[in-house]
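The chain is numbered in sequence order, starting from 1. Atom set for the values below is all heavy atoms of this structure, side chains included, hydrogens, waters and symmetry mates excluded.
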Amino acid sequence: MRTKQRSAIILVNEQDEIALIRREKADVLYYVFPGGGVEFGHTTEETAIREAYEELGVHVELEGVAAHVAFNGELNPYYWARVTGGKFGTGTGEEFQAEQTEGSYTPMWIKRSALSHLPVRPPSLAELLSQSSERFYDKTLAED
């Protein structure tokens, strides 16, 4: 059982690209940060780490909260993360099971400079990332 709260990661590679999930669903194209709903009894940190592996195929270490995004009445943490193992693009979570997903679900690297030109959710976080090459911590952003 999942709560309404979500947890996600911000993963940046050496080319200053951000890991995002490209979603096409019911003729709508958008991008999201790797993450998902917090399951009952689990922490937001555990969720972010689990979702990174399920969605991207990588093991990560969290390096602090970049931002809490207010959405659906919850403050949802987005963690800076660093890859410690695995292979990007090899996720095997339920998102990749044809019977579980409507539309397509594609992990990809997107140049930081392109974030503000794409339909990234949450847009406030994408905008903040596109404007800052330095890491930031504990920002509060609103999407409600």
**Student:** Working to the nearest 0.5 angstrom, can you tell me the gap between Leu62 CG and Ile10 CD1?
**Tutor:** 11.0 Å

**Student:** Mind listing the closest non-hydrogen atom pair of Glu39 and Thr47 along with its distance?
**Tutor:** N-OG1, 4.2 Å

**Student:** How about Glu24 and Tyr105: do any of their side-chain heavy atoms sit closer than 4.5 Å?
**Tutor:** no

**Student:** Out of curiosity, Thr92 OG1 to Glu55 CD, how far, rounded to the nearest 0.5 Å?
**Tutor:** 11.0 Å

**Student:** Is there a side-chain contact between Tyr78 and Ile9 in this structure, where contact means two heavy atoms from C-beta onward sitting under 4.5 Å apart?
**Tutor:** no

**Student:** Could you state the interatomic distance from CD1 (Ile21) to OG (Ser104), rounded to the nearest 0.5 Å?
**Tutor:** 11.0 Å

**Student:** When you check the gap from the basic side-chain N to the acidic O, do Glu46 and Arg50 get nearer than 4.0 Å?
**Tutor:** no

**Student:** Work out which heavy atom in Ser7 is nearest to a heavy atom in Ala48; give both atom names and the distance.
**Tutor:** OG-CB, 3.5 Å

**Student:** Do the side chains of Val60 and Tyr137 join up, straight or via other hydrophobic residues, at under 4.5 Å, putting them in one cluster?
**Tutor:** no

**Student:** Is there a side-chain contact between Pro34 and Glu51 in this structure, where contact means two heavy atoms from C-beta onward sitting under 4.5 Å apart?
**Tutor:** no

**Student:** Does Tyr53 have more than 12 heavy atoms from other residues, nucleotides or ligands lying within 6.0 Å of its OH?
**Tutor:** no

**Student:** Identify the two heavy atoms, one from Ser124 and one from Ala142, that lie closest to each other, and give their separation to 0.1 Å.
**Tutor:** OG-O, 4.3 Å

**Student:** Taking the side chain from Lys139 and the backbone from His68, do they hold a donor-acceptor pair closer than 3.5 Å?
**Tutor:** no

**Student:** Start with the C-alpha gap between Val38 and Arg6, add the side-chain angles, then the distance that decides, and say whether side chain to side chain contact (heavy atoms under 4.5 Å, CB included) holds.
**Tutor:** CA-CA 5 Å; Val38 177; Arg6 299 182 56 77; 5.8 Å; no

**Student:** With rounding to the nearest 0.5 angstrom, report the CH2 to CG distance, Trp109 to Leu56.
**Tutor:** 7.5 Å

**Student:** Report the C-alpha distance between Ile18 and Leu11 in whole Å, list the side-chain angles of each, state the deciding distance to 0.1 Å, and finish with yes or no for side chain to side chain contact (heavy atoms under 4.5 Å, CB included).
**Tutor:** CA-CA 6 Å; Ile18 311 289; Leu11 189 59; over 6 Å; no

**Student:** Determine whether Leu29 and Arg22 make a side-chain contact, defined as any pair of heavy atoms from C-beta on separated by less than 4.5 Å.
**Tutor:** yes

**Student:** Does one hydrophobic cluster hold both Leu118 and Leu125, with members joined at side-chain heavy-atom distances below 4.5 Å?
**Tutor:** yes

**Student:** When you group the ILVMFWY residues by side-chain heavy-atom contacts below 4.5 Å and let the links chain together, are Val12 and Ile110 in the same group?
**Tutor:** yes

**Student:** How many angstroms lie between atom CH2 of Trp80 and atom CD of Glu61, to the nearest 0.5 angstrom?
**Tutor:** 15.5 Å

**Student:** Which pair of non-hydrogen atoms, one from Phe88 and one from Ala19, has the smallest distance, and what is that distance?
**Tutor:** CE1-CB, 3.8 Å

**Student:** Considering all heavy atoms of both residues, which atom of Arg112 and which atom of Ser132 are nearest to each other, and what is their separation?
**Tutor:** NH1-O, 2.8 Å

**Student:** Less than 4.0 Å between a side-chain N and a carboxylate O, is that true for Arg82 and Glu63?
**Tutor:** yes

**Student:** Apply side chain to side chain contact (heavy atoms under 4.5 Å, CB included) to Arg121 and Glu143, showing your working.
**Tutor:** CA-CA 9 Å; Arg121 298 178 184 176; Glu143 292 297 327; over 6 Å; no

**Student:** Between Tyr30 and Val120, does a side chain to side chain contact (heavy atoms under 4.5 Å, CB included) hold up when you go through it step by step?
**Tutor:** CA-CA 6 Å; Tyr30 59 98; Val120 179; over 6 Å; no

**Student:** Any non-hydrogen side-chain atom of Val58 less than 4.5 Å from a side-chain atom of Lys87?
**Tutor:** no

**Student:** When rounded to the nearest 0.5 angstrom, what is the spacing between CG in Leu115 and CG in Leu128?
**Tutor:** 10.5 Å

**Student:** Verify the cluster assignment for Leu75 and Val65: are they in a single hydrophobic cluster under the rule of side-chain heavy atoms below 4.5 Å apart?
**Tutor:** no

**Student:** So, Asn13 side chain and Gln15 main chain: donor-acceptor pair closer than 3.5 Å or not?
**Tutor:** yes

